[in-house]
Amino acid sequence: MMRYLTLLAALWLWAAPAPVLAQGGPLRITIDEGVIEPLPFAAPEFVAENAAAAQLAADIARVVAADLTGTGLFREISKDAFISQITSFASPVQFADWRAINAQALITGAVSAGSDGRVTVKFRLYDVFAGQELGSGLQFDGTQNGWRRMAHKVADAVYSRITGEAPYFDSRVVYVAETGPKGDRRKRLAVMDYDGANVQYLTDSSSIVLAPRFSPTGDRILYTGYETGFPKIYLLDVASVGRRVLENQPGTMSFSPRFSPDGQHVVYSLTQGGNTDIYMMSLAGGTPQRLTSAPSIETAPSFSPDGTQIVFESDRSGTQQLYVMPTGGGEPRRISFGPGRYGTPVWSPRGDLIAFTKQSKGRFHIGVMRTDGSEERLLTASFLDEGPTWAPNGRVIMFTRETQGAGGEASLYSVDITGRNLKRVRTEGGASDPSWSPLQK
């Protein structure tokens, strides 16, 4: 069993060894199992350094705490238990008072707001039992409208320093917003912060839209649209909401697009003459390249992070399974061999795992496996779970869950790769087909 070290947070299955600070200084440990007990932390309301910052200081501290507790790795200590109060960002910390309430980490911050609409956020993270600061204090500057982003950046820094993992809070999710009864759903593209805030609608609901996918830089989105009555691939600019169709051969249907890691190419499925294969096109133009050629359905392609391989689903073996092939095409190798059917594979941004949807014995699952198909692990089970997408750090998966019956509704859920911390993501109405952006710049 793992013992608690100073600021030892809950850790993950399949995680690489990560640095964790103990009282005696840096310590590298081998992670071999998850720690279930969340790490207790205190996050006093940030100090407002002028009157204009009073509400912002309270709001930013709340978002920081919500980000951390939402991971399932941290537990916030109630303010009712506080012995000390933080009234000045520069004052010395009374560590004994925070030890007395068993706070292992302490987050302090200060916020100032200028008359020009600019906001400055400062924070420090303390290892309470060691009685010292963990890393150096940081400062973020932005506009008043961007206060939530600054809060996410603070939480990202805290999360990374304690867990040794890459951050993911300062990111966005594009998805299909759904309204109306199950038999007549109206669908449009929407984008939001990872936690459901700051929703922006990108299309109207006059035609069906499916499977939006963020570019590696987060500034463009690919999706499948039915404006003409047949599926076509559209490329949308997030900032301007301008878009264009990626034209293909007449008489064909194209769908399931995904960007290459360099953002210069698109891999997708194309149906022609009753046969569906995987193609790749350059966004700069030119003739698309056919990557598969089999009398079966090949779809849902996804690049490896290094761009050298593509995972996809195919029924060439008689049932829906997962295959991996070189980016330039070539003989695919099957990687799924468990009972049931596999689909919608997505390569982890870390390159170590592939997430997928699995249907077996009347239930749907979100699962992960190694890139060679080994160590398959099912993370969820329900009437209908599908369409996984990875957080930027490769440790959390978001997906669609739909409830049963005539009144069933699609919602977004997230789960970590241990199968723990399953929770619903807040959205305005029904939601499906999520795609997680990279960290914002």
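For reference, positions follow the sequence shown, starting with 1.
Partner of Val324 under the side-chain contact (heavy atoms from CB on, under 4.5 Å) criterion, out of Ile310, Ile335, Asp372: Ile335 alone. Just one of Leu222, Thr389, Val238 meets the side-chain contact (heavy atoms from CB on, under 4.5 Å) condition when paired with Phe214; it is Val238.
Salt-bridge formation is detected for the pair Glu376/Lys358: a Lys NZ or Arg NE/NH1/NH2 atom is positioned less than 4.0 Å from an Asp or Glu carboxylate oxygen. Look at Asp204 and Arg188 and you find no salt bridge, because none of the NZ, NE, NH1 or NH2 atoms lies under 4.0 Å from a carboxylate O. The existence of a salt bridge linking Asp237 and Arg220 is excluded, since no basic side-chain nitrogen approaches an acidic carboxylate oxygen closer than 4.0 Å. Between Lys182 and Glu409 there is no salt bridge, since none of the side-chain N atoms of the basic residue sits less than 4.0 Å from a carboxylate O of the acidic one.
No side-chain donor-acceptor contact under 3.5 Å links Ser205 to the backbone of Arg186. Remark: side-chain polar atoms of Arg161 are paired, donor with acceptor, to backbone N or O of Leu134 under 3.5 angstrom. A donor-acceptor pair is defined here as one N or O able to donate and one able to accept, closer than 3.5 Å; such a pair exists between the side chain of Arg334 and the backbone of Ser336. Checking side-chain atoms of Thr357 against main-chain N and O of Glu386 turns up no donor-acceptor pair under 3.5 Å. For the pair Thr380 (side chain) and Ile366 (backbone), a donor-acceptor distance under 3.5 Å is present. Remark: the backbone N or O of Ala157 is not paired with any side-chain donor or acceptor of Ser160 at under 3.5 angstrom. Within the 3.5 Å criterion, the main-chain N or O of Gly196 finds no donor-acceptor partner in the side chain of Asp193. A donor-acceptor pair is defined here as one N or O able to donate and one able to accept, closer than 3.5 Å; no such pair exists between the side chain of Lys441 and the backbone of Gly218. In terms of modelled atom types and a separation under 3.5 Å, the side chain of Thr371 and the main chain of Leu353 share no donor-acceptor contact. A donor-acceptor contact shorter than 3.5 Å links the side chain of Ser269 to the backbone of Glu298.
Scanning for side chain to side chain contact (heavy atoms under 4.5 Å, CB included) contacts around Ser304 gives Asp306, Thr308, Gln309, Trp347, with sequence neighbours left out.
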Test log, rule side chain to side chain contact (heavy atoms under 4.5 Å, CB included), inputs Thr71 and Phe169
CA-CA 10 Å; Thr71 66; Phe169 303 128; 3.6 Å; yes
Assess whether ring pair (Phe, Tyr, Trp, His ring centres under 6.0 Å) is satisfied between Phe364 and Phe383, documenting all intermediate values.
CA-CA 6 Å; Phe364 280 80; Phe383 165 71; 7.5 Å; no
Would you please test Asp67 and Asp195 for side chain to side chain contact (heavy atoms under 4.5 Å, CB included) and show each step?
CA-CA 8 Å; Asp67 283 346; Asp195 58 358; 4.3 Å; yes
Starting from the C-alpha separation in whole Å, work towards a yes-or-no answer on salt bridge (Lys or Arg N to Asp or Glu O under 4.0 Å) for Asp170 and Arg149.
CA-CA 6 Å; Asp170 185 26; Arg149 279 205 63 196; 2.8 Å; yes
Walk me through whether Tyr268 and Phe255 qualify under ring pair (Phe, Tyr, Trp, His ring centres under 6.0 Å).
CA-CA 6 Å; Tyr268 61 100; Phe255 52 95; 8.9 Å; no
Carefully, step by step, assess Lys187 and Leu210 under the rule side chain to side chain contact (heavy atoms under 4.5 Å, CB included).
CA-CA 8 Å; Lys187 300 186 177 186; Leu210 298 172; 4.1 Å; yes
Between Glu402 and Glu178, does a side chain to side chain contact (heavy atoms under 4.5 Å, CB included) hold up when you go through it step by step?
CA-CA 12 Å; Glu402 186 159 345; Glu178 302 188 3; 5.7 Å; no
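Between the side chains of Asp385 and His365, no donor-acceptor pair of N or O atoms lies under 3.5 Å.
Applying the salt bridge (charged side-chain N to carboxylate O under 4.0 Å, His left out) test to every pair with at least one member in residues 53-62, sequence neighbours left out, gives these pairs: Arg62-Glu76. Contacts classified as ring-ring contact (aromatic ring centres under 6.0 Å, His included) and involving residues 91-116 (residues at least two apart or in different chains) are given here: Phe82-Trp98, Phe95-Tyr126.
For Arg244 and Tyr234, the positive end is not near the middle of the six-membered ring at less than 6.0 Å and at most 45° from its axis.
Rounding to the nearest 0.5 Å gives a distance of 12.0 Å between CZ of Arg426 and CG of Leu412. Interatomic distance, CG of Leu73 versus CG of Asn421, reported as 7.0 Å (0.5 Å rounding). For the atom pair CG of Leu379 and CD1 of Ile397, the computed distance is 5.5 Å after rounding to the nearest 0.5 Å.
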